[in-house]
Amino acid sequence: MSYGGRLKVVLITGRSIKQGKSKDVGKFFDEYREAIAICEMNPMDMEALGIPEGGYIDVSSPYGSITVLAKPSPDIPSGVAFIPYGILVNTIIPPDTDSTGIPRSKGLEVWITPSAKHLPDLKFIVKLIGGV
Amino acid sequence: MRITFKPLTPFKVPVDLSPITPDNLEGMDIGEVKSLQIWVGSKRKRIDEIFLVELSEDGREEIAIVFMGDFSKARGIGSGMSRGSITVKGSGGLRVGEYMRGGTIVVEGDVDHWLGMAMHGGSIYVKGAAGSYVGAPPKGSSKGMRGGSIIIDGDAGECIGAYMRDGSIEVKGNVGLFPGLRMLGGTIVVYGNCMGRAAARMKDGRVIILGSVGSILPTFQIEEIRPSVRGVRERLEGPFYVFQGDLSEDGRGRLFVSKPSNPELAFFEKLL
Amino acid sequence: MKDVLLIRNGVVYDPMNGVEGEVMDIAIKDGVIVEAIDERKAKVIDASGMLVMPGGVDIHSHIAGSKSNIGRLLRPEDHRRSYEPKTALTCSGVGHSVPSTKTTGYRYARMGYTTVFEAASPPLKQKHTWEELNDIPIIDKAALTVMGNNWFIMDFISQGRIEDAAIYAAWLLKATKGYGIKIVNPGGVEAWGWGGNVYDLDELVPYFSITPREIVEGLCKINSMLNLPHTIHVHVNRLGMPNNCWTTLRTAHTVRKAFGGGKLLIHITHCQFSGYAGSTWTTLRSGAEYIAKYVNSVDHVSLDMGQVVFTDTTTMTGDGPLEFRLFQSLAGKWANADVEVETGAGVVPIRYSRRSYVGTIQWAVGLELALLVNDPWKIVLTTDHPNGGPFTAYPRVISWLMSSKARSKVMERVNRRALKYTALPSIDREYTFTDIAIVTRASPARLLGLKRKGHLGVGADADIAIYDLDPRKVDPSVDYRRVRRALRRAAYTIKGGRIVIVKGEVVEDIPGRSIWVDVDIPEDEIEELLREVKPRFEEFYTVKLRNYPVPEDMILNPSPIKINPSI
Amino acid sequence: MIIPSIVVEEKAAEYTMEDVICPFCGCCCDDIIVSVKDGRIIDVKNACILGASKFLHIDDGRLLKPKIGRFESAREVSLSEAIETVVGLLKDSCYPLLYGWACTSCEAILLGLDLAEILGGAIDNTSIVCHGPTILAGQDLGLITATLGQVKNRADLIVFWGCNPLEAHPRHIARYSVSSRGRFISGRRDRKVVVVDVRRTNTARIADLFIEVKPGYDYEVLSALKMLVKDLDLEVDEVGGIPVSKLEELADMMVEAKFGALFFGTGLTMSRGRDKNIEAAIELVRYLNFKTKFVLIPMRGHFNVTGANEAFTWRTGYPVSIDFSQGYPRYLPGETTAVDILRRGECDLFFVVASDPVSHMPRRAVEHLSNIPVITLDPKLTPTVYLSDIAIPVAYTGIEVDGSVYRMDTVPLRMRKIVDPPPGILPDTEILRMILEKVRGEYS
């Protein structure tokens, strides 16, 4: 569903080969940031929102919002978005585990909007967590 | 006799309050109560190191314990108690009323997971919300709630009444997934909505949902429509769809779902 | 000073050396028993009025390895009811029927047991077994290696290449640091790879041109070719099924037919579970009389009891299809863990109930075996921990063996109907302290070929249990409770000359030794065989041949026994 | 060859090691060939792109000196000063949380358990945030599993549910599952492959049957399959976005298989229902075993996350989330689990070994780290190291130090050292032993 330039999707997180490969290169290297700051979406959804390929989007949940690069992928069904595991997507994942010990990292409902922002600096995010 | 416990400072680490029950405090004078030792994180501390303890006679023989303040980091309030009462004026933490056999617990704020874990009897009333696994047995065990009643005014989390054998749970708010998971007996009433998968794997017992249920698991089969059903303390007006299940477990449990709140289940009527 | 110890005036039972309740002193130096020591320099333990025996030896107990750990993982509820907090000396632990590693060591030592054999370890997972055994304190330990469903062994035997099979088995023992050949439901576990089982000694194993009989005979032959200290250790086909006592007897007899009598050839383990007559569960009968009659008439068979105790416990075995059957009848938790090329495993929690018909028969069969086999040297006390009950129940079992009054007490409360079909009520034999010393120490040590264990002669390891119980004053037949209590908590346990337990509490936490057999086969012979095996090995297994063996540096306190084979 | 050891072909400063075990994912492939020149890994053969990347980049982004201080205020200190400071903080803590343990050896994990026990803290491993639900479900029902060789030799049906081995476990397909060859199965053509996922993953492309389930509806689909396997009728036409006829097809394939294997990943464990999804999968496999032979195998992530579960279990009885605060191991999901302890802000110190929780836990949970001391042992400069008050560099397990690990199917393996760590950098076992010794001194 898209209204007013917002799209409600089900967020799936997971491993991608780029994320896996770059995490052992170094997590403060651009290669890693590029691997995790990406959101795969159905091309139709991107079109509906008017996002060009390589455009930035904001992904928001009640817990926070992140800016990532949108990447069209016909294998993702409409209404679903995929972001690789990492510090970015964890900003918007709820901390409650419903007593299972594991946060709900797949199947969270999030809102997607086109963004004017840039990719965040990972060190900056760590500092936000660490209380600077 | 009324004994009040007020934390001297807010808790920073888990505090195990399971020894402070009416059963354990019976016959103790104030000095003995103050010198009881409990676990604060990994340290043993005397009660008067962490609490301001006040004792007042209210003319009743029964011991009434009052916890004043935020107890969201507490564990096991009212653990195994069989008589008397505990009132928490604030939040209650984890495992409130675990293995409870009798008496009453009232929590004015919220409680965390495992409320009334494997409880046998008595009654618990939570005015706020509760976490997941209300009345469920600890992990790995299949001996769930065997008696007593739990009433929650707010919402509750996932898997309430898991492995429940008897007794009742009433939730005035909404609940998460899997209310009545693997239930064997007893009654669960949800006045609000359920996130879905109600009564999954139930063998017996009754789950009544007055709000919306999301969907019905494919392992349930519709039986009839009833105008009203017996709740815990009152008759609940419906009409209700009555499902039987969980068929994959050869279950004979009943799931009652309000018809007005769930128009999308109308297609089941064709199967009747 | 610490290494010189004198145990004074104990009432000593040392059946291997013919000592039956004599009051004597035992001298210890550098971890072994010696003729005499300088008393002035020794630490003296006053054991007057106390029962002194060699440290206990457990021939069959599932204490470590993949399936023990599955059992632990499966049973948080078992841990919650039994836990031990840490002390200044000991680590904490949990577990009633599947105790954690540290707790396992402490509990055995508390009962005066000092040597324990892990009953079944698949070679592929033997690194795991050793990691856990390393973590078990105080006791000496070893592991039997599972071979009865190993593809390479089965292929070699069916091709008639018995020497190559023997070399392969020797390599397996060396590579995995195993102690002996364990056979679990020969052929049946391989069939379980397809969800099946084999039910008869002469039934072909699916896709293999071999029968259980050929596997047992082949491995028995290999065992004697390799001169292994222990015989083949067999968990027979059809274990845990009604009417299986005949399978047990035929398995025992087949090796006699092939290799003659005159010496020990086969150890039938946890015999209780394969000692049933009666064709269905509802008509289950004790088959113990038949088995005992046979064992009394031959000299090539030894048994261990596999006694059932009325408690909540966890069954675990390499016999995958057995656990599946158990799950079908109990419908509770069930874990299965097949191991490629070698074996399987299953775990199912169970509660043996006094009131149940089957439970009562099972309880009686174990005791009947122990009481009807005349020669205690042929039998060993076990509960097949944790299958029949946790090892902590041994003092209970001992009290049943020593006192017909103790047995009657239990029989008053068991299933009446079941009792009618067992011989137990009519048996009045009672074990003496010597008999107990045999079935818990001397006999297992002898059957395992442990020359320095199970006795108190000069040169033996100074593994000694001292119990606060005066056998001259206490009549175990009447005062069985007193015996039971004393045996639960040794007054002293001495391990390798060190005092580790005093009054049932750990006073020193030392690591035990790791025992295995090192079969001396020329390296070039093994290498030649492995060169041939390697392509198939790496086709069947998912690990490389090179990563398969247990490296010696993984093992704490290694204590290998050199063996000269006769091939 | 009796006890074959890794062959080292030594030529001055150049050598090649064979049959090396890969320290990346839970596959623990043990056929890697690594070439070393002048103490540096210069070539890796047989490894997948993920494994090779790890071998070849061990020197990049490395933490080389112990540091004290967060972010830019960090200063390099000596190892002894770092350890002194760590011990001081540990001593003052009342409820520390020790977390990580998936990317190190079992030896280090056992030392971690010792430390947690002495301190009376909580200890958790990273499996709780990936396959924790598998463990929880296993504790209620029991897992029905097998080693990967059973699949290689026997499986004629392979189902991948909510996992994407081509991206997360790239060599799984060839070595252990789809196209592996064994005694009774000679390769891909003897097998049927089914992929069930919420999106058409790369793995789905090699499947004979792809079933796209609506996100969050795996439980319903598994329940429906269980009904079909039990020959019970469904009253609906569609479950989780899948027509019942397609599910019937899958159920028939499962029942008709001689040996079926269900591999599942975080697509099941992390989505709506979590551990209950796994329970449903286990129950399905249980019933399938009444008709044929079926096993299920979790696709574990890090190379020794399984070992962390095993070591935790043999020492404490519980596989994850142990609380030693009362002197013995206690465990209850939701209470002693790391994310929950952090979310409630209950620990007063955070000690991380071989993990990067700052990246991989929800931000709302790790925000508590702004209030408490954070200590990290890691070879690399990760976000967690960056945030830590104290960080100590350690050697790479499986590359620079020996260690025992467990593959995803619980097969134990022994990793061997290939190259020396950079000068002054010790294995984590050494660092932990030093800390432990000093802490023991303080506590006795």
A:F82 six-ring centre to D:R199 NZ/CZ under 6.0 Å and within 45° of normal: yes
Quick one: does NZ or CZ of A:K123 land under 6.0 Å from the six-membered ring centre of D:Y386, within 45 degrees of the ring axis? yes
Name the region of [X], side chain, backbone, both or neither, that has any atom closer than 4.5 Å to a heavy atom of chain A.
X: D:C130; result: backbone
X: D:P170; result: side chain
X: D:L166; result: backbone
X: D:L136; result: side chain
X: D:S370; result: both

Under a 4.5 Å cut-off applied to non-hydrogen side-chain atoms, are D:S359 and A:Y85 in contact? no
Report, in residue-number order, which members of residues 88-109 of chain A are under 4.5 Å from chain D by heavy-atom distance. A:N90, A:T91, A:I93, A:P94, A:P95, A:D96, A:T97, A:D98, A:S99, A:T100, A:G101, A:I102, A:P103, A:R104, A:S105, A:K106
Residues D:R205, A:D75: salt bridge by 4.0 Å N-O rule: yes
Salt bridge or not for A:K127 and D:E72, using N-O below 4.0 Å? yes
Working for side chain to side chain contact (heavy atoms under 4.5 Å, CB included), residues D:F24 and A:K23: CA-CA 11 Å; D:F24 188 86; A:K23 90 183 171 67; 4.0 Å; yes
